[in-house]
Amino acid sequence: MRPQQPAQARPDVRARQSGQARPDGTCTVTFDGRPLEARPGQTVAAALWAAGVTAWRTTRRAGRPRGVFCGIGVCFDCLVTVNGSPNQRACLVPVRPGDVIGVQEGTGRDDD
Amino acid sequence: MTERPRLAVVGAGPAGLAGALAAAARGVDVTLVDAAGRPGGQFHRQPSPALGAPPRQGHTWERLRTGLDRHRVTHLTEHHVWCVQRDSMSFLVHALLGPAQDEGVSLRADAVLLATGGHEYVLPFPGWTLPGVITAGGAQAMLKGERVLPGRHVVVAGTGPLLLPVATGLAAAGAEVAALVESADPGAVPRRFPDLLVRPDKLAEGAGYAVRLLRHRVRILTRHTVVAAHGTDRLEAVTVAPLSPGGRSLRILCDTLAVGHGMLPGTDLAETLGCTLTGTAVRVDAEQRTDVPGAWAAGETTGIGGAALALAEGHIAGRSAAARLYGRTPDPAGWAPAARARSRLRRFFAAVDAVCAPPPGRAGSVPDDTVVCRCEEVTAGEVRTAVSTLGATDARSAKLLTRAGMGWCQGRMCGPAVAALTGCPLTPGRRPFARPVPLGVLAALPDPDAPAP
């Protein structure tokens, strides 16, 4: 059994700590280290757009910013790193509570 | 025979749903395989359950959705089909599972219906890779499915019937649509009236959108095109130029450009199966059969024509497949209304295509320093050099010399532009893998030459 939360901890704080959805259906994820409010099940791209973020990748050759282009999983422009895995299509991948989302630079791996 | 014949339907958009329901209602064991988490495809894309929003209403959608339950169609969601193989007796449908797509699954069927839809293409212009520039269909998908906008001040541009609902939807969702920029000439419409009037309801639909745009005070510029998008790390403005001589260019401030020049059929699975194409679309007969026995095709994959045409084609394909799978010759009289709708809609959309062709020569005249291949960051100048000094005569040799079309999207985005720059017609992509497949999934496939255990 889990130890009881301190009485003063608000549900949203507890949710943030445990990576769970809050009663109002929102959850917290991080984007480049800062917390963002998101809804579990919405796409990563939607969560980022809703937070005013429109670019989350830099290209391999010129280092230019990119975000959503086709929005339906065809163009691969919206690649993003989620929980350490690079090359995830932000327009397809659903948000889970506690996701660690990061800008993908180049290939998203250390070898480039 | 005690076991029902099995039909695998690839794609749960209007064509796939109509086909699945028509076949299942006639006793076929139907498995509907689709990449999305919910049925509907792009046209009937439903709001994400995360939003808690009510599903989109509509008679057709309601009929399709309830039909899925009633006819006990097996619906495999989040199955990204990457290849359909045919052996002596049956078909093998290979899919990747879930959003991670790092695990594979294969299913057998006696016949397949390919309803793989299509995707939008955008002809390049300076600045089209800036964040904030998105496809018109992408803007609509994000709005329908997720209720989000990438900005507040939007320009909708390009050509084709999709621009009208996209601009209307964005305006209704609260975006300030600064302009709808359509390259087509409305003066060309009357010449096509005989063809367009075969579906007056579709004409009225278009007029309805136009009225709503005027009500939202959206400025409509015809015979104009976006020639450049401006901004450093994000879109800030576009330059719109008239296509007729003498007019003046104008700069419009915006943080979002939703742009599209048309659609291309998704033919990867059909091509790998060996189906013959006509131009860029899968060739089908009056029963929607491809020339590969046991493989049917319907919807945008057989030619772009919208959801109503996809429904008619899918219905015919499902009925034909059901009859053939039970060893009967189908009676086309049974699907006469769908066949009538199909011929009228094909005629209507051929006329729309003729009116809404992207301005000729524009893709070929894009400046040298403009990126055409977004994945591999290949510029127009590099493709031109491959043609002028290295002797590339088609898109394939241009790709081998420059990497244009060799990246993640496998040329789906840049194909039309690279073809225009090399001065050859757009040819189908010939992609044996319809999506990236992890090597581990390939390694785990059973060896077809191994003796049966």
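Lettering follows sequence order; numbering is per chain, from 1.
Going from atom CD1 of I72(A) over to atom CD of Q42(B) covers 4.5 Å, rounded to the nearest 0.5 Å. Annotation: the span from R61(A) atom CZ to T379(B) atom OG1 amounts to 7.0 Å, rounded to 0.5 Å.
With a 4.5 Å cut-off on non-hydrogen atoms, T135(B) touches chain A through its backbone and its side chain both. Neither the backbone nor the side chain of P49(B) comes within contact range of chain A; no heavy atom of the residue lies under 4.5 Å from a heavy atom of that chain. Both the backbone and the side chain of P65(A) come within contact range of chain B, judged by heavy atoms closer than 4.5 Å. With a 4.5 Å cut-off on non-hydrogen atoms, A47(A) does not touch chain B at all. With a 4.5 Å cut-off on non-hydrogen atoms, R147(B) does not touch chain A at all. No part of L48(A) comes within reach of chain B, as not one of its non-hydrogen atoms sits under 4.5 angstrom from that chain. When heavy atoms are compared at a cutoff of 4.5 Å, Q410(B) does not approach chain A at all.
Closest approach of R60(A) to C375(B), counting heavy atoms only: NH2-O, 2.9 Å. Here the shortest heavy-atom pairing between W49(A) and I134(B) reads CH2-CD1, 3.8 Å. Between G71(A) and R45(B) the shortest heavy-atom distance is O-NH2, 4.4 Å. In plain terms, the two heavy atoms of C409(B) and C75(A) that are nearest each other are CB-O, 3.6 Å. Between A55(A) and P131(B), the closest heavy-atom pair is CB-CG, 3.7 Å. Closest approach of M142(B) to A46(A), counting heavy atoms only: CE-N, 3.8 Å.
Between the side chain of E146(B) and the main chain of Q42(A), no donor-acceptor pair closer than 3.5 Å is present.
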Evaluate the side chain to side chain contact (heavy atoms under 4.5 Å, CB included) criterion for residues Q101(B) and R89(A): first the C-alpha distance (whole Å), next the side-chain angles of each, then the deciding distance (0.1 Å), finally the verdict. CA-CA 11 Å; Q101(B) 298 187 43; R89(A) 278 168 280 180; 3.1 Å; yes
Where do M413(B) and C70(A) land on the side chain to side chain contact (heavy atoms under 4.5 Å, CB included) test, with the steps shown first? CA-CA 9 Å; M413(B) 293 295 124; C70(A) 83; 4.3 Å; yes
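Interface summary for chain A: among V259(B), L130(B), L149(B), D255(B), the most heavy-atom pairs under 4.5 angstrom belong to L149(B). Taking P150(B), A36(B), G407(B), G145(B) one by one and counting their heavy-atom pairs under 4.5 Å with chain A, the maximum is reached by P150(B). When each of A62(A), C91(A), G67(A) is scored by its heavy-atom pairs under 4.5 Å with chain B, the top score falls to A62(A). Here T43(A) is the residue among V95(A), L92(A), V53(A), T43(A) with the most heavy-atom pairs under 4.5 Å with chain B. Taking chain B as the reference chain and counting heavy-atom pairs below 4.5 Å, the highest number among T59(A), V82(A), V93(A) is found for T59(A). For the set R435(B), R412(B), E120(B), E376(B), the count of heavy-atom pairs under 4.5 angstrom toward chain A peaks at E376(B).
Counting heavy atoms from C-beta outward, D77(A) and W408(B) have side chains that stay 4.5 Å or more apart. Taking the side chain as every heavy atom from C-beta outward, F69(A) and V122(B) approach each other to under 4.5 Å.
Salt bridge status for E377(B) with R64(A): absent, with no side-chain N to carboxylate O gap under 4.0 Å.
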